Amino acid sequence: MAIGLDDVVATETALSDVDGLAGRLIIRGHSLDELAGRVRFEELAALLLDGAFDGPVSAARIGRARAEIYFSLEKRIPALMHLPVFGAVRAAIAELPDDGSLETALLLLAAPAVLTPALLRVRAGLPALEPDPRLPHAADILRMLRGHLPADASVHALDTYLVTVADHGLNASTFAARVVASTQAGLTSAALAALGALKGPLHGGAPGPVLDMLDEVGSAERAEAVLVAILERGERLMGFGHRIYRVRDPRADALKAALAGMRRNERLTLALAVEETALRLLRAKKPDRRLETNVEFYTALLLDALGFPRDAFTAVFAMGRMAGWIAHAREQAAGGRLIRPRSIYVGPMPREVA
Ligand code: ACO
């Protein structure tokens, strides 16, 4: 029995492969090292959805989808303001058409990218900004958040982030999307299931708590004492460990490189000290199991440096991962079998059987 489905093969996919022993992520024939920092998110989305960088999923179509989302969901924003950002994005997405078309796929791709900055601005008492369909996706997201055109280094960092998290094998949220797609429900239903799975702190909900942990540490000299106390409480060090990677998470490296292109801030200096201490403590705690830095550690630093508040980090993750979810849902719906595993019953038996 494989509790947690460790090492269970549930499907075939032509989309991505996570090689945990080599620390390598392959997306449709390209390693992440070839892609991160080199291609735009729109090209990566086209690669995932069309199989080529220059297919029908073009930057222009994604730009038009951003505008369409804004004009169809803009009026809903005030009614969603009582929800946390992630919940509001999810609630708005639930209103999209639920079919398998490329048009719906593009709307889903655009939705978190448009809704997250709009919700954040309205929450800050500022007017939401219309998308500019002519701008690159990452540049437009930052412009809608900040109200002005961002510097190239920021655009490059966000683009690198979105590419880095766009797909990652059969992770929990992608599996959730495939389960729903296997019932032939629409793409929006699959995306909603994935959003639910992403939210948890063991998956896409970790980066906010990474910053909480850094705040608790406060200064490099306190790192050892605070991290030891966290471990002694039986809690986990957020941003470390991974189910599949047994060496370093290549996505952490891609994001660390993107951060290096931005201005070094105090938090980054602290984070480097915390990372070093955490890895040493985890090696001592679990000598038989490599617990390395995962994508969420540097995600927290990068999104913080870009000006996203920590309660919006998971929604920003969804901006990138949506491309993978939709590609997997379409692949599953096109050729997959209904996913229906079994369980072992350990409850009481009715009297006549016992
Ligand atoms: N801090 C302290 N101990 C840890 C950590 C950690 N970050 N990660 C694993 N361990 C320990 C566990 O306590 C466990 O110890 P035990 O055997 O004494 O009980 C052992 O290592 C194995 O842990 P599992 O939970 O079985 O490992 P799993 O493969 O299920 O965990 C996970 C992977 C969930 C990511 C885990 O490492 C974790 O909780 N990390 C912190 C949260 C985090 O960073 N999440 C983001 C993941 S990346 C992403 O989803 C995009």
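In this text the structure is predicted, and so the values were computed from the model without any measurement. Numbering of ligands and ligand atoms starts at 1, following listing order.
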- prompt: Between R248 and Y245, what is the shortest heavy-atom contact and its length?
  reply: O-CD2, 4.4 Å
field: D167 bridged to R28 by N-O distance under 4.0 Å
entry: no
Minimum side-chain heavy-atom gap T293-L279 below 4.5 Å: yes
query: Of the protein's non-hydrogen atoms, which lies at the shortest distance from atom 1 (N) of ligand 1, and what is that distance?
result: L237 N, 2.9 Å
task: Could you pull out the closest heavy-atom pair between A197 and S173, with the gap in Å?
output: CB-CA, 3.6 Å
message: Looking only at distances, can you tell me whether any N or O atom of G239, backbone or side chain, sits closer than 3.5 Å to an N or O atom of ligand 1?
response: yes
field: Atom of F313, atom of D304 and distance for their closest heavy-atom approach
entry: CZ-N, 3.8 Å
message: Among all the protein's heavy atoms, is there at least one whose distance to atom 19 (O) of ligand 1 comes out below 4.0 Å?
response: no
message: When you compare the side chains of E42 and S58, does any donor N or O come within less than 3.5 Å of an acceptor on the partner?
response: no
- prompt: Do any nitrogen or oxygen atoms of N294 lie less than 3.5 angstrom from nitrogen or oxygen atoms of ligand 1?
  reply: yes
Donor-acceptor contact below 3.5 Å, side chain R143 vs main chain A138: no
message: Give me the residue, atom name and distance of the protein heavy atom closest to atom 38 (C) of ligand 1.
response: R236 NH1, 3.5 Å
Geometric N/O contact F240 with ligand 1, under 3.5 angstrom: yes
query: Nearest protein heavy-atom contact for atom 27 (O) of ligand 1: which residue, which atom, what distance?
result: R289 NH2, 3.3 Å
- request: Would you check whether E235 has a nitrogen or oxygen atom less than 3.5 angstrom from a nitrogen or oxygen atom of ligand 1?
  value: no
query: With only distance considered, is G204 within less than 3.5 Å of ligand 1 through an N or O on each side?
result: no
message: Ring centroids only, cut at 6.0 angstrom: are H168 and H242 within range, meaning strictly under it?
response: yes
message: Below 4.0 Å from ligand 1: does a non-hydrogen atom of P209 turn up there or not?
response: no
query: Side chain, backbone, both or neither: which part of V210 comes within less than 4.0 Å of ligand 1 when only heavy atoms are counted?
result: neither
- line: atom 49 (C) of ligand 1 has as its nearest protein heavy atom H203 O, 3.7 Å
query: Backbone or side chain, does any N or O of K285 fall under 3.5 Å from an N or O of ligand 1?
result: yes
field: Nearest heavy atoms of R66 and M144, plus distance in Å
entry: CD-CE, 4.3 Å
Residue, atom name and distance, where the atom is the protein heavy atom closest to atom 2 (C) of ligand 1: L282 CD2, 3.5 Å
- request: Look at atom 21 (O) of ligand 1 and say which protein heavy atom is nearest, naming residue and atom and giving the distance to 0.1 Å.
  value: K286 CD, 3.6 Å
- prompt: Under 4.5 Å between any side-chain heavy atoms of L282 and R289, yes or no?
  reply: no
